[in-house]
Every structure is written in C-alpha cells, then in structure tokens.
Amino acid sequence: NGDSFASIMQTGVSQEAETYQTGDGNIAETTQNGNSNQVGQALSGAAAGIVQTGDLNTATIDQDPSTFSTAGISQVG
C-alpha cells in the first residue's frame, strides 16, 4: 500500500521469511544464508517477521551466516 519496497534474499536450506507493509515509504530487507533460519513464520500472520505500519519506516534483518536463527521487527508510525 503506497511506495513500499521489500527485498528477501535467501540461500541455503529451509529458510522462512515474510514481510507486511502498510503506508508510504516503507523499506524492508531480509538476507538469509545458512540453514533453517526464520524471520517470523511464513504464511502465519501471528508470527510475522517484519511488520511496518505508517510512513518512512526502514527495517533490515541479516542472518548471514547462521543456523536456526529467529528474528522479528514490528514498527508502527
């Protein structure tokens, strides 16, 4: 919704990621390289990896290199 940008880069095995953005000017980037890394739970709104609501939010998650990592970011306003 608006001028949002999302980039998810994954290499390795069993990676999961998801991004939700609402509003204008949001940017989210996720980098995963390794094994069984997780940013939220893909296709599960209850455990979202990056959630941004509002204007001009920026979020970056870097799981490179790592194994069995979990991350989450939530920004409102």
Side-chain angles (χ1 to χ4, degrees):
N1 203 9
D3 295 330
S4 300
F5 170 81
S7 174
I8 298 175
M9 295 175 283
Q10 297 175 315
T11 57
V13 180
S14 301
Q15 313 289 14
E16 295 183 9
E18 60 184 12
T19 300
Y20 299 96
Q21 295 179 318
T22 301
D24 297 330
N26 295 319
I27 297 173
E29 296 182 3
T30 301
T31 302
Q32 294 176 318
N33 183 10
N35 182 28
S36 301
N37 294 316
Q38 178 177 320
V39 177
Q41 291 179 340
L43 306 178
S44 173
I50 297 175
V51 178
Q52 294 179 320
T53 302
D55 299 332
L56 303 174
N57 294 319
T58 300
T60 301
I61 295 176
D62 188 347
Q63 295 176 325
D64 179 16
S66 58
T67 301
F68 298 110
S69 295
T70 303
I73 294 174
S74 178
Q75 295 178 325
V76 178

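From a predicted model like this one, the values you see are computed outputs, not experimental measurements. Position 1 is the first residue of the sequence; numbering continues from there.
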Query raised in the report: V39 and side chain to side chain contact (heavy atoms under 4.5 Å, CB included): which partner among Q10, Q63, E16, E18?
Result: Q63

Query raised in the report: With side chains defined as the heavy atoms from C-beta onward, is the minimum distance between T30 and I50 less than 4.5 Å?
Result: yes

**Report entry** Nearest heavy-atom neighbours spanning G23 and S4
**Finding:** O-OG, 3.4 Å

Report task. With rounding to the nearest 0.5 Å, note down the distance linking CG in N26 to OG1 in T53. Result -> 7.5 Å

Query raised in the report: So do the side chains of T19 and Q21 get within less than 4.5 Å of each other, counting heavy atoms only?
Result: yes

Requested in this report: Please list, chain by chain and in numerical order, all residues satisfying side-chain hydrogen bond (donor to acceptor under 3.5 Å, both in side chains) with D62, sequence neighbours excluded.
Outcome: none

Report task. Working to the nearest 0.5 Å, report the span between CD of E29 and CD1 of I61. Result -> 11.0 Å

Query - Taking every non-hydrogen atom, the tightest pair across G34 and Q15 - result: O-NE2, 3.1 Å

Name every donor-acceptor pair, under 3.5 Å, that has one atom in a side chain of residues 67-77 and the other anywhere in the protein, sequence neighbours excluded.
| residue | atom | partner | partner atom | Å |
| --- | --- | --- | --- | --- |
| S69 | OG | S66 | OG | 3.3 |
| Q75 | OE1 | Q52 | NE2 | 2.9 |
| Q75 | NE2 | T58 | O | 3.1 |

**Report entry** Any side-chain donor near an acceptor of the partner, N33 and T11, under 3.5 Å
**Finding:** yes

